[in-house]
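Nothing here was measured: the structure is a model prediction, and the numbers come from that model. A, B, ... follow the sequence lines: proteins, then strands. Residue 1 opens every chain.
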2 protein chains.
Amino acid sequence: MDQEADIKTVRTAFIERMGMVAHHEGMPRMGGQILAMLVFDGTAISFGDLARRLQVSRATISTSVRFLEERGLIRRLNRTGERQDYFQLAEDAYATMLRHARTGTLRAISEISQTAAELPAGSDAIRRRLDEYAGFYEAIDASILDAISRFETADT
Amino acid sequence: MDQEADIKTVRTAFIERMGMVAHHEGMPRMGGQILAMLVFDGTAISFGDLARRLQVSRATISTSVRFLEERGLIRRLNRTGERQDYFQLAEDAYATMLRHARTGTLRAISEISQTAAELPAGSDAIRRRLDEYAGFYEAIDASILDAISRFETADT
DNA sequence: AAGTCTGTTCAGTTATTTCCGAACAAACTT
DNA sequence: AAGTTTGTTCGGAAATAACTGAACAGACTT
């Protein structure tokens, strides 16, 4: 039995699926695929291999890894004696994803409170509804913080 | 002083901002704008008013409200003696948003465990990494559940 | 019945996102 | 020095998403 071939098939399917999940979450599909690949393999993967195995141009890899680096989800290794760059999951990638999710809700909260601040005196009913809306995002924020600690304890 | 005009300006800005927030969260911009309008006004708004005040075609309103209805975020009122449909926020709109967020993470978990199931016997290292990845989504799921109860208590 | 108003659907346009090829610079190899 | 290899950038192409106008059906009004 050719286990290697089986694993390769499963990996391809996994990468494809996670690309869709990422896309569905409003993240670039390619970024999700790269992350999936790094999760699956565990090892660091070279720039060239990423392009080859995902069958996309090096230009696409370049912009995608830059995006993932800026988000703090992957790390670039510059192995001495190696021409190519290598990439691996950041140690705290999962916690970082959660922290990034927070920024979205914090932005929403900020927009809402800014709106409330711009309202003329009175407008109490509107203010109350905006507060309720902000409360929704605050509930999300609180639980993301929960998740961070929850996950960090489950991590090690 | 013309408070009405002030409020109108603030409302327009709010709708615009929330449209961007929605879009940033991977949701249609127009859906976010409609929700924002309903939150701001509090009252039910007619189909025609939505098109007029958002300055989009009725076709766009039609597809947008269908989307929001299917998600359970708004309710359509058919006032007797009124030709137009009216829309208002669903009572449990916020909790519904959270429940929907869950489906995304549950899907991710499902995809991951399906991948694990497809792996040939052995492959323990891969399996371990997939489990860790699934654990990430499970942490999110757990905290969304937290948020639902947290928000529901804060709601009333 | 003819005319108006309302909401839906669909084909087609417009806008946005995503990806690629080519040109380039830096570092290395011969 | 000339030639490779590597990663980045940018203009533009290809794919996707968002919106519109027009045709339509149902319900009401005259």
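- In terms of position on DNA chain D, the residue among Ser64(B) and Arg83(A) whose nearest nucleotide sits closer to the 5' end is Arg83(A).
- Annotation for Tyr86(A): hydrophobic cluster partners, listed by chain and number, are Leu77(A) (ILVMFWY side-chain heavy atoms under 4.5 Å, direct or chained).
- Looking at residues 20-38 of chain B, you'll see Arg29(B), Met30(B) sit with a heavy atom under 4.0 Å from some atom of DNA chain D.
- Side chains of Leu35(A) and Met97(A) form a contact here, defined as non-hydrogen atoms less than 4.5 Å apart.
- As a whole-Å value, the separation of Leu54(A) CG from dT18(C) C1' is 15 Å.
- For the pair Asn78(B) CG and dT8(C) P, the computed distance is 10 Å after rounding to whole Å.
- In this structure Asp131(B) satisfies the side-chain contact (heavy atoms from CB on, under 4.5 Å) test with no other residue, sequence neighbours excluded.
- Atom CZ of Arg79(A) is separated from atom P of dT6(D) by 14 Å (rounded to the nearest Å).
- Side chains of Ile140(B) and Phe136(B) form a contact here, defined as non-hydrogen atoms less than 4.5 Å apart.
- With contacts defined as side-chain heavy-atom distances shorter than 4.5 Å, the pair Leu89(A)/Glu132(B) does not qualify.
- For the salt bridge (charged side-chain N to carboxylate O under 4.0 Å, His left out) test, residues two or more places apart in sequence or in another chain that qualify with Glu111(B) are Arg17(A), Arg107(B).
- Between the side chain of Arg75(B) and the backbone N or O of Gln88(B) there is no donor-acceptor pair closer than 3.5 Å.
- Taking the ring-ring contact (aromatic ring centres under 6.0 Å, His included) definition, one finds that Tyr137(B) meets it with Tyr133(B), sequence neighbours left out.
- Taking the side chain as every heavy atom from C-beta outward, Phe87(A) and Met37(A) never approach each other to under 4.5 Å.
- Note: CG (Leu50(A)) to P (dC20(C)) measures 13 Å, nearest angstrom.
- Between the CZ atom of Arg52(A) and the C1' atom of dT5(D) there is a distance of 12 Å, given to the nearest Å.
- Separating the OH atom of Tyr86(A) from the C1' atom of dG7(D) is a distance of 15 Å, rounded to the nearest angstrom.
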What are the atom names and distances for every N/O pair under 3.5 Å that joins the protein to nucleotides 8-11 of chain D?
residue : atom : partner  : partner atom : Å
dT8(D)  : OP1  : Arg76(A) : NH1          : 3.2
dT8(D)  : OP1  : Arg76(A) : NH2          : 3.2
dT8(D)  : OP2  : Ser62(A) : OG           : 2.7
dT8(D)  : O5'  : Ser62(A) : OG           : 3.3

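- Summarising the geometry, the separation between CD1 on Ile74(A) and P on dG7(D) is reported as 12 Å, rounded to the nearest angstrom.
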